[in-house]
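Down below is the structure, laid out as structure tokens.
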Amino acid sequence: MKTLTAFILFSLSALPAFAAEPPVAIDLIKSAIDNYRGLNSYSEASMTIHRKEWQRVVEMKVWTQDLDKSLVRVTAPKKDKDAGTLLIGDDMWSYAPKINRIIKIPGSMSNQSWMGSDFSNNDIARADDIIDQYTHRIINTSTENNKKIYTIESVPHEDAPVVWGKEILRVNEDFVFLEHQFYDQDNQLVKTLIASEIKLIDGKYISLRQRMTKTDNKEEWTEFHTSTIKFNIEFSSNTFTLSNLRNPR
Amino acid sequence: MNTSWRFAWRNIWRHPRRTVLTILAIAFGAALLVFSIGFQLGQYDLMIKGSVSIYQGLIQVQKEGYLDEPKMRSSINNIQSLAQSLREKTQVTSIAARANGFALVSSNKRSYGTLIAGVEPKYEKMVSIIPDTIREGTYLSSDSAHEVIIGKSLASNMQIKLGDELTFMGSGRDGSIAATILPVTGIYESGSKELDRNLLQMPLKTFQETFAMGSHGHAIVFYHDDVKQDLVFKQQIKQALSSHKELVTLSWDQVQPGLKQMIELDYSSGWFMYVVLIAIITFSILNTFLMSVLERTREFGIMLALGYKPFNIGKLVMLEAFILTLFALSIGTLIGLLINLYFAAYGLTFDGMEEIAQMYNMPSTLYPQISFESTLIGPLVIFVFTLISALYPAMKIRKLQPVEAMRKI
């Protein structure tokens, strides 16, 4: 509770600073990433993969720590129970209980879909690439429901190892990503991530529902819905290790 | 009419030496064209056959839309029994069912994302050369054996050898996690770099079990040695599948348009050379005809004075050109055809062909195509060109005035 109060105080003190002078694009993005990943978190979520003729729901538990560590554990459906993904920095491992093996996902697979969804391995693993590898600029500022919304255009550096031509992000003054558009090298919109159900949890505004939709096929989307989320939890030191990935508690 | 023919024939042989030289020029050109085109087309046949026999087959049946977007769910139900019924219903007997997928494959040392095919080992041997190019170990033993074979380049990239276990991880047809571990029982080297580096094969039932496919598969592959019969077979297969509206029958050039386009490009660039050759022949013939008309001005003047119509004299000149060309082309075509028949029986080998040949899984010995098209298309084009060139001297006659013409030497 102490930390929570501290956090609210921190948030409150941060906001007026932006109100006074126009924010810098990169700071907005950094703050937004910090906002949803900055502290340790534990959440329970479901991922719905929707296709024209079928749909699949996967339920999972997610642990995150700092900006660069996360562990995902599937809890349902039964067939895939206990399967997991561990991310540490740019490295990614997958565990398949069926064969009791851990496989390291090579960099060449980073554009493959993650667990059959519309998120690529890259989307899952390298969220902070956007800080190091891109140049940002605010292209629009608007106000909706009394909240300022900044539209930021992020263009990767010339030599950045990135597949996108540019990305457009909409961030509100509570540092919540509202929308994230991915454009290819020919400037065509490929897919869009839209966030909704923004709730104030533990003093942070968090989007509980995020949907990635392919532009050329509106009937193909993946929705990530967070049902429970807790921040600032102490994890045991072996949480983000391969042995923990293999042996779920 | 009869007189014209006799006239023309006699006129041709008034200068035997010149005529023989002209005939030789045309005949040589024609023989060269028949030879070149025969070999070019023969080479294409070998390329097509070589290319489709490696893996893709001459014809494939797939779910509609699978070719453009090969999704695991665009599959054919009960694929093995459908393949079996096609074996009974059509004249093509080399038929095999396959399922295709993509997975992350790991050895102890390395991981690669590769293509994986589930195949019917017994029938796969009839439609693809891969089972025959196993360099180490053996090919897959049965439909449900827990085995995998791997291309030589991929095996060395992954640093694995016979007997090592490979771990597969990917998505199943229902979106679930597909994972299995299989030992490598064979290493193949098809000669196609793309396949040797990218394709693993496992038995179809093992694939279906791993990727939650039920009895589904993605392609029924047909092969036949006579690649020129592809459209006939395609029709038969289509007929046999008329009740399956959701399936499409694709010929080799639809499955792999690149090869067809490359052949078309090569053929048209070949024709650029032929047109140059034909133009040279045409000009030499034009020269001959023009000379023979110019030196006969006096003769034509007398004919005009005797009441011959300019049109008829023009016709006579054209007739001479026609007879001469036809005669020369017959000789040339015959010679070209004889050369091609010889090589069709004994083959032709070039130094340094092996490497190019290997790229398309072709034998390094070439054989010309003996067909109506390969033999006659070259001479036919020469024929048209020479007749057009003969028009010019023939037209000149129309301008002749009898009195003036008679005074010319």
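Just so it is clear, the values below take in all heavy atoms, side chains as well, and ignore hydrogens, waters and symmetry mates. Quick note on labels: first sequence line is chain A, next is B, and so on, each numbered from 1.
- Interface residue Lys104(A): only backbone heavy atoms are found under 4.5 Å from chain B.
- Annotation: the span from Phe222(B) atom CZ to Leu86(B) atom CG amounts to 4.5 Å, rounded to 0.5 Å.
- Looking at Ser111(B), both its backbone and its side chain come within 4.5 Å of chain A, counting heavy atoms on both sides.
- Residues of residues 41-56 of chain A lying under 4.5 angstrom from chain B, judged on non-hydrogen atoms, are Trp54(A), Arg56(A) by number.
- We find the CG-OG distance between Leu204(B) and Ser142(B) to be 11.0 Å, quoted to the nearest 0.5 Å.
- Looking at Ser113(A), there are no atoms closer than 4.5 Å to chain B (heavy atoms on both sides), in backbone or side chain.
- With values rounded to the nearest 0.5 angstrom, Ser107(B) atom OG is found 7.0 Å from Gln159(B) atom CD.
- Contacts of Phe168(B) with chain A are made by backbone atoms alone, with heavy-atom separations under 4.5 Å and no side-chain atom involved.
- Applying the side chain to side chain contact (heavy atoms under 4.5 Å, CB included) rule to Ser215(B) yields the partners Asn77(B), Asn78(B); only residues at least two apart in sequence or on another chain are considered.
- For Lys260(B), the side chain to side chain contact (heavy atoms under 4.5 Å, CB included) criterion is met by Trp252(B), Asp253(B), Glu264(B), not counting sequence neighbours.
- Inspection of the Arg173(B) and Ser75(B) side chains reveals an N or O donor paired with an N or O acceptor under 3.5 Å.
- Arg73(B) touches chain A through its side chain: at least one heavy atom from C-beta onward sits under 4.5 Å away, while N, CA, C and O do not.
- Counting only residues at least two apart or in different chains, ring-ring contact (aromatic ring centres under 6.0 Å, His included) contacts with residues 192-220 of chain B comprise Tyr66(B)-His218(B), Phe207(B)-Phe211(B).
- Between the side chains of Glu167(A) and Tyr134(A), a donor-acceptor pair is found at a separation under 3.5 Å.
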